Asker: 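There's a structure below that I have some questions on.
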Amino acid sequence: MGSIGIESSGPEVVTVDVLAAKGLIQTSHVYLDVRTVEEFQKGHVDAERIINIPYMFNTPKGRVKNPEFLKEVSSACKKEDHLIVGCQSGVRSLYATADLLAEGFKDVNNMGGGYLDWVKNLFPVKGSVAKRDL
């Protein structure tokens, strides 16, 4: 049959579930949390190598994309680094992953379900409210 009329813009985003993400984070992958700093401080994935670079900021006019996102990730990570990108529910991380792949990062995976799914699975978390009351 083939795909008719569906053009892929750049590399395909690979989404892994939280269980697969947990395994990758425990081996060689860096976890890139693209939520806001406030969200990150409340609670985040317990990972040895974790970076928080917001993909969007909350402003009085609503959420706006972080114009420095790619620059900040590029200064924190190498294009060859193995990255797992996560957010709260899996939406921002999907866009962030697509942007990073388009920017030339080689191995970037989106964590489907985000931090909410991670917590639901009772995986280890850190932060000021690292309780089960989310």
Side-chain angles (χ1 to χ4, degrees):
M1 293 271 275
S3 59
I4 300 159
I6 300 169
E7 289 301 314
S8 171
S9 59
E12 187 117 345
V13 170
V14 175
T15 295
V16 295
D17 64 23
V18 289
L19 189 63
K22 183 171 183 267
L24 293 169
I25 292 163
Q26 286 171 337
T27 53
S28 59
H29 287 58
V30 175
Y31 184 75
L32 174 62
D33 192 319
V34 299
R35 296 175 305 154
T36 64
V37 173
E38 296 78 31
E39 286 173 302
F40 182 81
Q41 285 170 344
K42 278 187 193 151
H44 54 262
V45 167
D46 185 357
E48 197 179 314
R49 287 170 305 214
I50 182 167
I51 307 167
N52 176 218
I53 300 174
Y55 185 69
M56 303 189 97
F57 294 124
N58 291 324
T59 73
K61 294 185 173 133
R63 279 194 177 157
V64 294
K65 193 172 163 183
N66 174 3
E68 303 291 304
F69 178 73
L70 290 171
K71 194 160 74 171
E72 288 176 31
V73 176
S74 296
S75 67
C77 307
K78 294 196 272 314
K79 294 242 174 14
E80 294 73 40
D81 285 350
H82 307 294
L83 301 174
I84 298 283
V85 183
C87 63
Q88 192 72 4
S89 64
V91 177
R92 279 171 284 175
S93 58
L94 186 65
Y95 290 108
T97 302
D99 283 3
L100 290 166
L101 289 168
E103 184 70 9
F105 280 82
K106 310 270 183 285
D107 183 8
V108 189
N109 290 305
N110 171 46
M111 186 172 88
Y115 183 65
L116 294 174
D117 250 17
W118 184 275
V119 170
K120 213 185 295 171
N121 281 275
L122 304 182
F123 291 160
V125 295
K126 280 185 173 165
S128 59
V129 289
K131 318 262 184 306
R132 299 281 172 224
D133 61 357
L134 295 169

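The basis for the numbers below is simple: all heavy atoms, side chains too, and nothing from hydrogens, waters or symmetry mates. None of the values given here were measured: they were computed from a predicted structure.
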Asker: Distance check, rounded to the nearest 0.5 Å: Phe105 atom CZ versus Leu70 atom CG?
Answerer: 7.5 Å
Asker: Please round to the nearest 0.5 Å and tell me the distance separating atom CD1 of Ile84 and atom CG of Leu32.
Answerer: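 Rounded to the nearest 0.5 Å, the CD1-CG separation comes to 10.5 Å.
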Asker: If a pair satisfies side-chain hydrogen bond (donor to acceptor under 3.5 Å, both in side chains) and one of its residues is in residues 15-28, list it, with sequence neighbours excluded.
Answerer: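 Qualifying pairs: Thr15-Asn110.
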Asker: Give the minimum heavy-atom separation between Val18 and Gly112, together with the two atoms involved.
Answerer: CG1-O, 3.7 Å
Asker: Taking only residues two or more places apart in sequence or in another chain, which ones pass side-chain hydrogen bond (donor to acceptor under 3.5 Å, both in side chains) with Arg63?
Answerer: Asn58
Asker: Which pair of non-hydrogen atoms, one from Val45 and one from Tyr115, has the smallest distance, and what is that distance?
Answerer: N-CE1, 3.7 Å
Asker: Got a sec: does the CD of Glu48 have more than 12 other heavy atoms crowding it under 6.0 Å?
Answerer: no
Asker: Any idea which heavy atoms bring Phe69 and Ile53 closest together, and the distance?
Answerer: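 Closest pair (atom of Phe69, atom of Ile53, distance): CE1-O, 3.5 Å.
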Asker: Return each pair, listed once, that meets salt bridge (Lys or Arg N to Asp or Glu O under 4.0 Å) where at least one residue sits in residues 106-124; pairs must be two or more places apart or across chains.
Answerer: Asp117-Lys120
Asker: Of all heavy-atom pairs between Cys87 and Ser93, which one has the smallest distance, and what is that distance?
Answerer: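 Where Cys87 meets Ser93 most closely, the heavy atoms are SG-N, 3.4 Å.
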Asker: Judged by atom type as modelled, is there a donor-acceptor pair below 3.5 Å linking the side chain of Asp46 to the main-chain atoms of Lys126?
Answerer: no
Asker: Look at the side chain of Asn121 and the backbone N and O of Phe123, then say whether any donor-acceptor pair between them is shorter than 3.5 Å.
Answerer: no
Asker: What side-chain hydrogen bond (donor to acceptor under 3.5 Å, both in side chains) pairs are there with at least one residue in residues 66-78, not counting sequence neighbours?
Answerer: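 Of all non-adjacent pairs touching residues 66-78, those that pass side-chain hydrogen bond (donor to acceptor under 3.5 Å, both in side chains) are Glu68-Lys71.
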Asker: Looking at every non-hydrogen atom in both residues, tell me the closest pair between Trp118 and Pro124 and how far apart they are.
Answerer: NE1-O, 2.8 Å
Asker: So, Asp81 and Arg49, do they make that salt bridge, N to O below 4.0 Å?
Answerer: no
Asker: The test is side chain to side chain contact (heavy atoms under 4.5 Å, CB included); show your working for Asn52 and His44 and say whether it passes.
Answerer: CA-CA 9 Å; Asn52 176 218; His44 54 262; over 6 Å; no
Asker: Look at the side-chain heavy atoms of Ile, Leu, Val, Met, Phe, Trp and Tyr, link any pair under 4.5 Å apart, and say whether Val13 and Val91 land in one connected group.
Answerer: yes
Asker: Spell out, yes or no, whether Val125 and Val37 are grouped together once hydrophobic residues are joined by side-chain heavy atoms under 4.5 Å, including indirect joins.
Answerer: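 No; Val37 is not reachable from Val125 via cluster members.
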Asker: For Glu39, which residues count as a side-chain hydrogen bond (donor to acceptor under 3.5 Å, both in side chains) partner, sequence neighbours excluded?
Answerer: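 Checked Glu39 against side-chain hydrogen bond (donor to acceptor under 3.5 Å, both in side chains); matches are Thr36, Arg92.
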Asker: Share the residues that join Val64 in a hydrophobic cluster, the rule being Ile, Leu, Val, Met, Phe, Trp or Tyr side chains under 4.5 Å apart at the heavy-atom level.
Answerer: Phe57
Asker: Find out if a path of hydrophobic residues (ILVMFWY) with successive side-chain heavy-atom gaps under 4.5 Å connects Tyr55 to Ile51.
Answerer: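 Same hydrophobic cluster.
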Asker: Are Val34 and Leu101 grouped together when hydrophobic residues (ILVMFWY) are joined by side-chain heavy atoms under 4.5 angstrom apart?
Answerer: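 Yes, because Val34 and Leu101 connect within a single hydrophobic cluster, where side-chain heavy atoms sit under 4.5 Å apart.
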Asker: Flag the pair Asp99 / Lys65 as yes when at least one side-chain heavy-atom distance between them is below 4.5 Å, and no otherwise.
Answerer: yes
Asker: Flag yes if Val14 and Met111 sit in one hydrophobic cluster, no otherwise; membership is Ile, Leu, Val, Met, Phe, Trp, Tyr, and two members link when side-chain heavy atoms are under 4.5 Å apart.
Answerer: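 Per the 4.5 Å side-chain linkage, Val14 and Met111 are co-clustered.
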